[in-house]
There are 2 protein chains.
Amino acid sequence: MKKRISIKTIAQEVGISNATVSLVLNDKDKEGRVSREMAEKIRKVAKDLNYEPNHLARGLRMGKSQTIGLIVADISNPFFANLAFHIQEYAEKFGYSVIITNTNESDAKLVKILDVLIGHQVDGLIIVPTEHGKPAIEELVKKDFPLVLLDRWYPELQTCYVVIDNYQASKTAVQHLINKKCKRIALFGYTIDLPHMQERKRGYVDTVKKAGLFDENLIKDINYISIDADIKTALDDLFFNEKNEKPDGIFFATNSIALHGLRYMFERGVKVSKDVKAICFDKSDAFDLMESPVPCVLQPIPEMGKLAVDVLINQIVKGTVIPSKVELFAKLSTEE
Amino acid sequence: MKKRISIKTIAQEVGISNATVSLVLNDKDKEGRVSREMAEKIRKVAKDLNYEPNHLARGLRMGKSQTIGLIVADISNPFFANLAFHIQEYAEKFGYSVIITNTNESDAKLVKILDVLIGHQVDGLIIVPTEHGKPAIEELVKKDFPLVLLDRWYPELQTCYVVIDNYQASKTAVQHLINKKCKRIALFGYTIDLPHMQERKRGYVDTVKKAGLFDENLIKDINYISIDADIKTALDDLFFNEKNEKPDGIFFATNSIALHGLRYMFERGVKVSKDVKAICFDKSDAFDLMESPVPCVLQPIPEMGKLAVDVLINQIVKGTVIPSKVELFAKLSTEE
DNA sequence: CTGAAAGCGCTTACAG
DNA sequence: CTGAAAGCGCTTACAG
């Protein structure tokens, strides 16, 4: 492979010093620091030689890499993929590249990724944290490393967050089912011990209680690891256990749970909308094609991504961190 | 923000030279180059100080960054998101980080991204090329820059490719509809002038011709830019134009076209499976939840990703490029 | 207006 | 077994 050409090559070609070339190529030749003709000449040679600056060298020298690390739970999940898309598009506007990585909800992996990303000298991090990732992230926070947590948060950790009001979103969703005359509303949530999920559950509980519809047996906890089996067990118990009165509504607290749940119900002949109403978090392509569309909670994905980038870049540029929790609001797909 | 600690800090702490620290930390202290006690001591201090090597500096010095650039058309498309997921997981095993970027099918954007990524000193590129991206990529090929094109290819450009046999996949899909007694099979494809799409069309044409079912009016070209409008126009023409005999089968040459198409048909009350059979490229979550599932062509996504990484790393390590086109085979979802 | 020099953090021949 | 030195490509204060 041919050697990439450097500032030095250009300097030699023109017969001038590296310093001057650097000035010109960084557009710092205004304010009369370099003669007009010289600047022109340098630019021409740089162009002819197809010069591309070496970001590694620049990063090393400047102490910043113009790179942001993004850590999500799973890039193949459309919610995170969309988030990643908008983060990248927006970060690019400010001249930042984004390195996207996955934890697959593993705390060990989070720790490892953090090391790798920091080794790569990222200027900041946007992190969808894992259940027990707090210690690792706390260390970074102590060092004032620029970062913003996205989608999920640790209540006891003071740092920057961009999240949505899960409690309110959940209430709205459950209320929607109540308005549709549902009397026995089930909740399907993850066992994950993070407040975004607890808030969704709390929103459910408060709303059904207020309507006098609370029944503990209708709350089903799903483990991310054994999602398929857990959902089947839970649905079997709700719909095919003679002892139980069937639910007439289901609130799926995440999209992945909804997808698995709907699939199994479909398989078992439980008709959504007819036998039981459903509502869930986040939109899926699947919903548009169902016999009767499932309404869902729409998180403002582009705004979440942009805001995370804004908050992060602000930290990087200012060099200081003012802990803050930005809360956005979701709305129902039926409100559109 | 606290300064990151460097090899120098460790060296001073231990009272020793940078060189020795570097040797130890890179596990080059075997073969009796450094005394056992000294090595232990250095490792301990490095650990206590929480040392993280600076990849920028190492990359600059070694002339490689252990980073791979991945360019896809759209990370929010599940096909590419899955591909990205597997590429990243697999590349990580070899110690490579992956920078993921999107072209949104724009040639101009491809050129720009190429510059950015090369500026970041990526050691190699995995590229899903755009329609007219050939000149830009050709330049890299001429320089023997390590790269592999994925999913799509330029027939006149000798370089490394990992693709699937689109012709065969398409034939199988169309044959499936013929086996289901379809007599009027429509094709929905993109206008994009790249052979992967042409092959899909050719597979369709050859198969319907062989069965004596060819009718030019059943071929519909969709523009990526105006996908929504184009699909509506095409479907309206097929199903709601009194002059035309309706199709009884549709082959959607991509997943995005299928999704838009199925949605519109649903909206207009055209019943898939009952009124018209459908089949398409790539699986979508949506299919599991439809009244009658749409069969699809399953590309071997994990294998495609892994192979691309293998081929690329091989180039990087060997320092030479042997142009090759690896072709994988897709199968129908009904074959599972 | 332009140049010489230092230094970012690392690795690697070369000396001893 | 360990150290001194050079150099990767860049930017930036300092001199002139």
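FYI, side chains are in, hydrogens and waters are out, and symmetry mates aren't considered; it's all heavy atoms of this structure.
Here D:dT11 presents its C1' atom at 10 Å from CG of A:N18, a figure rounded to the nearest Å. Remark: C1' of C:dC10 and CD1 of B:I5 are 13 Å apart, rounded to the nearest angstrom. Going from atom CD1 of A:I7 over to atom P of D:dC10 covers 5 Å, rounded to whole Å. In this structure, B:Y51 atom OH and C:dG9 atom C1' are separated by 7 Å, rounded to whole Å. Atom CE in A:M62 sits about 15 Å away from atom P in C:dC8, given to the nearest Å. Distance CZ (A:R61) to C1' (D:dG7): 16 Å, rounded to an integer number of Å. Atom pair B:L56:CG and D:dG7:P shows a separation of 21 Å (rounding to whole Å applied). In this structure, B:Q12 places its CD atom 13 Å from C1' of C:dG9, rounding to the nearest Å.
When both pairing distances are held under 3.5 Å, D:dT2 makes a Watson-Crick or G-U pair with C:dA15.
Closest contact between the side chain of A:R58 and the listed nucleotides D:dT2, D:dT11, D:dC8 involves D:dT11. Residue A:A19 has its side chain nearest to C:dA4 when only C:dA4, D:dT11, C:dC10 are considered.
Of the possible donor and acceptor atoms, one in the side chain of B:N102 sits under 3.5 Å from a partner among the backbone N and O of B:I75. Side-chain atoms of A:Q315 do not come within 3.5 Å of backbone N or O of A:V321 as any donor-acceptor pair. For A:N104 (side chain) and A:S106 (main-chain N/O), no donor-acceptor pair under 3.5 Å exists by modelled atom type. The backbone N or O of A:P129 sits less than 3.5 Å from a side-chain atom of A:R152, completing a donor-acceptor pair.
Nearer the 5' end of DNA chain D, as judged by each residue's closest nucleotide, is the contact made by B:I16, out of B:A57 and B:I16. Each of A:G15 and B:L60 was matched to the nucleotide of DNA chain C holding its nearest heavy atom; the match closer to the 5' end belongs to A:G15.
Contact between the side-chain N/O atoms of A:S17 and the OP1/OP2 oxygens of C:dA4 is not found at any separation under 4.0 Å. Between A:N26 and D:dT11 there is a side-chain N or O to OP1 or OP2 distance below 4.0 Å.
Within 4.0 Å of B:S22, counting heavy atoms only, lies at least one base atom of the nucleic acid.
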Exercise for review: I would like to know whether A:S65 and A:H120 meet side chain to side chain donor-acceptor pair (under 3.5 Å); could you show each step before the answer?
Suggested key: CA-CA 8 Å; A:S65 62; A:H120 271 276; over 6 Å; no
